[in-house]
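One structure is given here, and the rest of the page talks about it.
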Amino acid sequence: MLSLATFMIFFQAYMVAPILPTLADDFGTSIQRISLIVPAYLIPYGVATLVYGLLADRLGIHRVMFASLALFAVLTGLTATATSIEQITAWRVLTGLGASGVVPLGLTLIGRLYPYEQRGRPLGWLFGAMAGGMAFGSPLGAMMVPHIGWQGLFVVVGAAGLGSLLLFLPYRRIIAAAAQPVMSTSRDVFRAYKSLLQTPRGRRTYSYVLINSMFHSGVFTWLGVYLERRYDIGPAGIGLALLGYGVPGLLLGPVIGRMADRWGRARLLPIGLMLGSIAAVFLLLGFPLILAPLVAMLLSLGYDMTQPLFGGIVTSLGGERPGQAMGLNVFMLFVGFGLGSLIFGEMLRFGFGTALASFALIELALALMSLRLFRSEIPSSPAPGTRSAP
């Protein structure tokens, strides 16, 4: 059920980027201006996760999670009523604020239900659902718009969100029992955040979450515009070209998680960061349109081999306040998403080549530095149920 709710939220988040050209035409504005609806959703989403984590620690995860899922469904449907760029931007801000309590609390629950040595696989399922939302949200959103309009797209997703909430309700007692409320003062809250960022492990993990998310959001948000301009294709063509994105996480998420549990995140993180950089280089150099799904798949695999593994590290940082630790993680993730799309868009003043080259070099630098910074992220002993590597 957590995976289903996660899928819906990421479907909704990623269905917007490929239809930016359509929205720009409909509202009679430039792509640069309409693209602001992406960070208008992502940055409030990230900021609100800090509040939801605190509320969950005080009120209980089940109450906060269900309220957030309900807000997501209602506000997504109401976005269809927008008649101007100002209105759709406002609805996106509200939706980001309302929806941000589901995914981080789902990750927190996994931290409560599984020991650290066994979290890779369940985290893989949850991040696989994120990847599935990306995989289907990007192409299906673009391909559905010509038939039902962008308004119909938001209505359908809002209705699906309400359906997932109804399916979730029978599990409320299980969720409530998994993590009991923790009472605290504002001073306790401040100390908890300070302690998360004081340790070298916490600082490097949260920093990588932020910068890596900036890379992936910057490249992906503008990928539909890149394809439209380079290959002169419409929404349906963009949707088909993006079919590969999210597929690796959807199919391999649990496998990647199990590999991280067995061999250590130190060995996988540099590879994932390098794959992201290579995908940006392919976009920089160009390729036949028929290969676009493979390039999108490579970019997606870079995400699937990094952010879920960082999330696994974060689940061991929170101690008695897992909601705060994961809330800070998702704050970094989504604020990075928003900033990445903004920065990449500003760099487009100098052309796609400059933007892609800059982002590729930064991701490459992250990969090289990770060889040293995360070298300690290896299993102390084989996870239960696994055998040592020969």
Side-chain angles (χ1 to χ4, degrees), residues 5-6 8-20 22-24 26-55 64-105 130 133-134 137-138 141 150-162 165 210 213-214 216-218 220-222 224 327-346:
T6 299
M8 294 306 308
I9 289 174
F10 271 74
F11 184 102
Q12 183 265 167
Y14 276 77
M15 73 184 187
V16 174
I19 64 173
L20 288 177
T22 299
L23 291 172
D26 203 24
F27 288 109
T29 187
S30 66
I31 291 181
Q32 279 72 22
R33 190 179 180 204
I34 196 66
S35 69
L36 293 177
I37 69 172
V38 176
Y41 171 81
L42 295 172
I43 293 179
Y45 186 110
V47 172
T49 57
L50 298 178
V51 178
Y52 280 112
L54 297 177
L55 289 176
V64 178
M65 181 181 292
F66 291 167
S68 179
L69 186 54
L71 287 171
F72 159 76
V74 172
L75 293 169
T76 297
L78 288 175
T79 304
T81 65
T83 57
S84 67
I85 187 172
E86 292 79 13
Q87 290 180 12
I88 194 172
T89 302
W91 283 122
R92 295 298 288 165
V93 170
L94 292 174
T95 305
L97 292 172
S100 58
V102 180
V103 175
L105 298 183
M130 297 181 193
M134 301 173 192
S138 301
W150 65 265
Q151 297 93 337
L153 183 62
F154 279 96
V155 170
V156 168
V157 175
L162 285 176
L165 175 61
L210 176 67
S213 64
M214 290 173 63
H216 281 280
S217 176
F220 182 79
T221 297
W222 292 94
L328 184 57
N329 177 72
V330 180
F331 167 80
M332 294 292 186
L333 182 67
F334 276 82
V335 169
F337 282 162
L339 292 176
S341 65
L342 280 174
I343 293 171
F344 196 99
E346 287 299 312

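Hydrogens, waters and symmetry mates play no part in the numbers below; they use all other heavy atoms, side chains included.
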Quick one: pull up CG in L339 and CZ in F344 and give me the separation to the nearest 0.5 Å.
15.0 Å

Is there any salt bridge (Lys or Arg N to Asp or Glu O under 4.0 Å) pair reaching into residues 328-346, and which pairs are they, with sequence neighbours excluded?
E346-R349

Could I get the full list of side chain to side chain donor-acceptor pair (under 3.5 Å) partners for Q32, not counting sequence neighbours?
none

Are any side-chain N or O atoms of S68 and backbone N or O atoms of V64, one a donor and one an acceptor, separated by less than 3.5 Å?
no

Before you tell me yes or no, could you show the steps for Y45 and I9 under side-chain contact (heavy atoms from CB on, under 4.5 Å), namely the whole-Å CA-CA distance, both residues' side-chain angles and the distance that decides it to 0.1 Å?
CA-CA 11 Å; Y45 186 110; I9 289 174; 4.1 Å; yes

Distance, nearest 0.5 Å, that separates CD1 of I88 from CG of D26:
8.5 Å

Name all residues meeting the side chain to side chain contact (heavy atoms under 4.5 Å, CB included) criterion together with L36; count only those two or more places apart in sequence or in a different chain, and write none if there are none.
L342

With ring-ring contact (aromatic ring centres under 6.0 Å, His included) as the rule and sequence neighbours excluded, what pairs involving residues 66-90 come up?
F66-F168

Kindly give the heavy-atom pair with the smallest separation between M332 and L210, and that separation in Å.
O-CD1, 3.5 Å

Would you sort out whether F154 and M15 count as a side-chain contact (heavy atoms from CB on, under 4.5 Å), showing the intermediate values?
CA-CA 9 Å; F154 279 96; M15 73 184 187; 3.5 Å; yes

Report the C-alpha separation of I37 and L20 in whole Å, then their side-chain angles, then the decisive distance to 0.1 Å, and conclude whether the side-chain contact (heavy atoms from CB on, under 4.5 Å) test is met.
CA-CA 9 Å; I37 69 172; L20 288 177; 4.3 Å; yes

For a quick test of reading the model, state the closest non-hydrogen atom pair linking A80 to V155 and the distance between them.
CB-CG2, 3.7 Å

Residue list, side chain to side chain donor-acceptor pair (under 3.5 Å) with Q151, at least two apart or on another chain:
none

Which class fits the ring pair W150 and F27: parallel under 30°, tilted 30 to 60°, perpendicular over 60°?
tilted

L162: what forms a side chain to side chain contact (heavy atoms under 4.5 Å, CB included) with it, not counting sequence neighbours?
A73

Rounded distance (nearest 0.5 Å) linking atom CD1 of I31 with atom OG1 of T22:
9.0 Å

What's the shortest heavy-atom distance between P39 and P44, and which atoms?
O-CD, 3.4 Å

Interatomic spacing from CG in L23 to CD1 in I19 - rounded to 0.5 Å
4.5 Å

In this structure, CG of L69 is separated from CG of L165 (nearest 0.5 Å) by 4.5 Å

Say whether, by atom type as modelled, one donor and one acceptor occur between the side chain of W91 and the main chain of L75 under 3.5 angstrom.
no

Determine the minimum heavy-atom distance between T76 and G158, stating which atoms define it.
CG2-N, 3.8 Å

Is a side-chain donor or acceptor of T49 paired with a backbone partner of S100 at a separation under 3.5 angstrom?
no

For residues 36-52, pull every pair meeting salt bridge (Lys or Arg N to Asp or Glu O under 4.0 Å), keeping only residues two or more places apart or in separate chains.
none

Salt bridge (Lys or Arg N to Asp or Glu O under 4.0 Å): which pairs involve residues 79-92, sequence neighbours left out?
R33-E86

V38 to S341 - nearest heavy-atom pair and separation:
CG1-OG, 4.0 Å

Using the ring-ring contact (aromatic ring centres under 6.0 Å, His included) criterion, which residues pair with F220? Sequence neighbours excluded.
Y14, Y245

Main-chain N/O of G338 paired with Y41 side-chain donor or acceptor, under 3.5 Å
no

Got a sec, which residues hit side chain to side chain contact (heavy atoms under 4.5 Å, CB included) with S213, two or more places apart in sequence or on another chain?
Q307, L333, F337

Working for side-chain contact (heavy atoms from CB on, under 4.5 Å), residues V47 and F331
CA-CA 6 Å; V47 172; F331 167 80; 3.9 Å; yes

One should read off an interatomic distance between L78 CG and L94 CG, to the nearest 0.5 angstrom, of 9.5 Å

4.5 Å side-chain heavy-atom contact, M8 and V102:
no

Under the rule for side chain to side chain donor-acceptor pair (under 3.5 Å), what residues qualify as partners of T83, not counting sequence neighbours?
Q87

Which residue pairs pass the salt bridge (Lys or Arg N to Asp or Glu O under 4.0 Å) test with at least one member in residues 68-84, sequence neighbours excluded?
none

How close do T89 and I85 get, heavy atom to heavy atom, and via which atoms?
OG1-O, 2.7 Å

